[in-house]
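Side chains are part of it too, since the values below use all heavy atoms of this structure and drop only hydrogens, waters and symmetry mates. Throughout, protein chains are lettered first and strands after them, A, B, ... in sequence-line order, and every chain is numbered starting at 1.
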2 protein chains.
Amino acid sequence: MRDGRATKLRIHQAALTLFVAKGVTETSVRDLAQAAGIAEGTLYRHYASKDDLVADLFASNYAAFADRLTTLGRQQAGFRARLAALVAEVFRFHDNNPTLFRFLLLVSHQALARVPDDAANPVSVLHSLVEQGVQDGEITLTDAALGTAMILGLMLQPATAIVYGRLEAPLSRFTDDIAAACWRALNPTEAPHG
Amino acid sequence: MRDGRATKLRIHQAALTLFVAKGVTETSVRDLAQAAGIAEGTLYRHYASKDDLVADLFASNYAAFADRLTTLGRQQAGFRARLAALVAEVFRFHDNNPTLFRFLLLVSHQALARVPDDAANPVSVLHSLVEQGVQDGEITLTDAALGTAMILGLMLQPATAIVYGRLEAPLSRFTDDIAAACWRALNPTEAPHG
DNA sequence: TCATTGTGAGTGAACGTTCACATTAGGCAG
DNA sequence: CTGCCTAATGTGAACGTTCACTCACAATGA
């Protein structure tokens, strides 16, 4: 029998590229097949449907990234070190695979519905981290949900700015600036370099 | 002749609601007509195409909001006051018309292509504000584009968190917190309450 | 009266998906 | 080693559905 794994990888790459460039709904199965260099029917040897492809592409990468963040948090002591490591990892991920990063950002709005609630989730990992920091008295801000949103915004908007050409890649050159800005944002009454 | 303006408003409302709830591409002209209580053909008495409806809905509201922000900035003296007024206005807009706010967020990725470059743009208004602050030495951070992204993130992610139910509305209750967080994020070496 | 507004069945194109058939390659008998 | 066998993989024309959009006609009201 032939090995279909190479074909599946070609589908992955074509799908990520086209989904990010044109949007999921705007990308047809014909588009995908042409970009991957296969026939339309071949896609259905590997995925039950187009939706299944999107959901699988999202869920597997989303959960894997959440796992990486969780592992990372365990290797650091103290909230500030964990935060810095998390920002660094997110930015490194963006720079290493911007297309995948943007795909996850793009479809998280719609794809999250098809992902099981108990699956690992980068946002909930971050939320747990902030909650821990609040409990341990390591940050002044007490609303963990607000703190999570702040950190998320300080990371994702610079990434978005790169997409629009308002900021120049790589994102990693802002790692220290953003980690420090997160820290200050979370500590309303403390000196910035506490 | 009959007055079509009421019909046009019904189309606006139906379109905003459905576009936000299901997405633009996932909303058909049949969906729009049914929600607005009109026939499909009627929509084409008011818009040349579905794309035209989206573009008009986006461009008019996007530019109007940018103008409001510009006016607001002129009424304040000093960067910090301007920043606080801007955050307050953005959050007020979100609370007064969350559907319109989310629509502008949702389609800004794709709709910006059809909007003339010289049109007023909320992001460029913010960028000019930050640039002015840098020039006047009112903030420590020197990269205006990075500062713009930071402020944008600190405003938009809390708004997004409300959509997902991670944060409770209204957004306005965070106005002071976020304005202060923006200020601290932009001032790496300064005391937080300078 | 007539320009404007409203109607909805109809149109061709594009969509996701299917299916009968072709191709491939590892296992296995001779 | 050779030559089938078979399951996996690849193919693309065809299918039914849905889509955005059109048009001949009706209704409205200044």
Side-chain angles (χ1 to χ4, degrees), chain A residues 1-60 103 106-107 109-115, chain B residues 1-60 103 106-107 109-115:
Chain A
M1 57 184 164
R2 284 174 287 183
D3 185 10
R5 283 173 300 179
T7 304
K8 200 161 183 174
L9 279 178
R10 294 238 302 285
I11 296 175
H12 281 192
Q13 197 49 55
L16 285 179
T17 306
L18 288 177
F19 287 163
V20 167
K22 313 189 354 174
V24 172
T25 315
E26 291 76 11
T27 301
S28 68
V29 173
R30 279 169 178 79
D31 291 335
L32 289 171
Q34 187 173 13
I38 57 169
E40 294 172 55
T42 306
L43 194 141
Y44 292 89
R45 294 280 176 214
H46 299 275
Y47 293 100
S49 66
K50 182 187 164 187
D51 267 3
D52 185 49
L53 165 63
V54 175
D56 181 69
L57 222 44
F58 177 80
S60 59
F103 170 75
L106 183 74
V107 304
H109 302 296
Q110 56 216 52
L112 272 176
R114 286 196 53 167
V115 171
Chain B
M1 58 180 167
R2 284 174 288 184
D3 185 8
R5 283 174 299 179
T7 305
K8 199 161 183 175
L9 279 177
R10 295 238 303 284
I11 296 175
H12 281 192
Q13 197 48 56
L16 285 178
T17 306
L18 288 177
F19 286 164
V20 168
K22 314 191 346 173
V24 171
T25 316
E26 290 77 10
T27 300
S28 67
V29 173
R30 279 171 178 78
D31 291 335
L32 290 171
Q34 186 173 14
I38 57 170
E40 291 174 57
T42 306
L43 194 142
Y44 292 90
R45 294 283 176 211
H46 300 274
Y47 293 100
S49 67
K50 182 187 164 186
D51 266 2
D52 185 48
L53 164 63
V54 175
D56 181 69
L57 222 45
F58 177 80
S60 59
F103 169 76
L106 182 74
V107 304
H109 303 295
Q110 56 215 52
L112 272 176
R114 286 195 52 165
V115 172

Length of the NZ-P vector between A:K8 and D:dT9, whole Å: 10 Å
Near-strand residues of residues 10-19 of chain A, defined as heavy-atom separation under 4.0 angstrom from DNA chain C: none
Under 3.5 Å, sequence neighbours excluded: what are the donor-acceptor pairs made by side chains of residues 50-58 of chain B?
residue	atom	partner	partner atom	Å
B:K50	NZ	B:V24	O	3.0
B:K50	NZ	B:T27	O	2.7
B:D52	OD2	B:A48	N	3.2

Short side-chain N/O contact to D:dT11 OP1/OP2 from A:T42, under 4.0 Å: yes
DNA chain C: stems of at least 3 consecutive Watson-Crick or G-U pairs whose donor-acceptor distances fall under 3.5 Å: C:1-30 with D:1-30
For B:R45, all residues meeting salt bridge (Lys or Arg N to Asp or Glu O under 4.0 Å), sequence neighbours excluded: none
Indicate every side-chain donor-acceptor pair of residues 6-15 of chain A with a distance under 3.5 Å to a residue at least two apart or in another chain.
residue	atom	partner	partner atom	Å
A:R10	NE	A:A36	O	3.0
A:R10	NH2	A:A36	O	2.9
A:H12	NE2	A:Y47	OH	2.5

side-chain contact (heavy atoms from CB on, under 4.5 Å) partners for B:A33, two or more places apart: B:I38, B:E40
Summary of protein contacts for nucleotides 15-27 of chain D, nucleotide by nucleotide, where a base hit scores B, a sugar-phosphate-only hit scores S (4.0 Å, heavy atoms): ----BBBB-B-BB
Atom-to-atom span, CG of A:L32 to C1' of D:dG12 - whole angstrom: 16 Å
Minimum side-chain heavy-atom gap B:K22-B:D31 below 4.5 Å: yes
Qualifying residues under side-chain contact (heavy atoms from CB on, under 4.5 Å), relative to A:S60, sequence neighbours excluded: none
Nearest-Å distance for atom pair CG/P, residues B:D3 and C:dT4: 13 Å
Between C1' of D:dG12 and CG of A:L43, the distance in whole Å: 14 Å
C:dT4 phosphate, OP1 or OP2, under 4.0 Å from B:H46 side-chain N/O: no
Residues that A:E26 engages under salt bridge (Lys or Arg N to Asp or Glu O under 4.0 Å), provided they are two or more places apart: none
Partner set under side-chain hydrogen bond (donor to acceptor under 3.5 Å, both in side chains) for B:Q34, not counting sequence neighbours: none
Sugar-phosphate, base or nothing in reach of A:I38, heavy atoms under 4.0 Å: sugar-phosphate
Phosphate OP1/OP2 of D:dT9 contacted by A:T7 side-chain N/O (<4.0 Å): no
Those residues that, when tested against B:S49, pass side-chain hydrogen bond (donor to acceptor under 3.5 Å, both in side chains) (two or more places apart): none
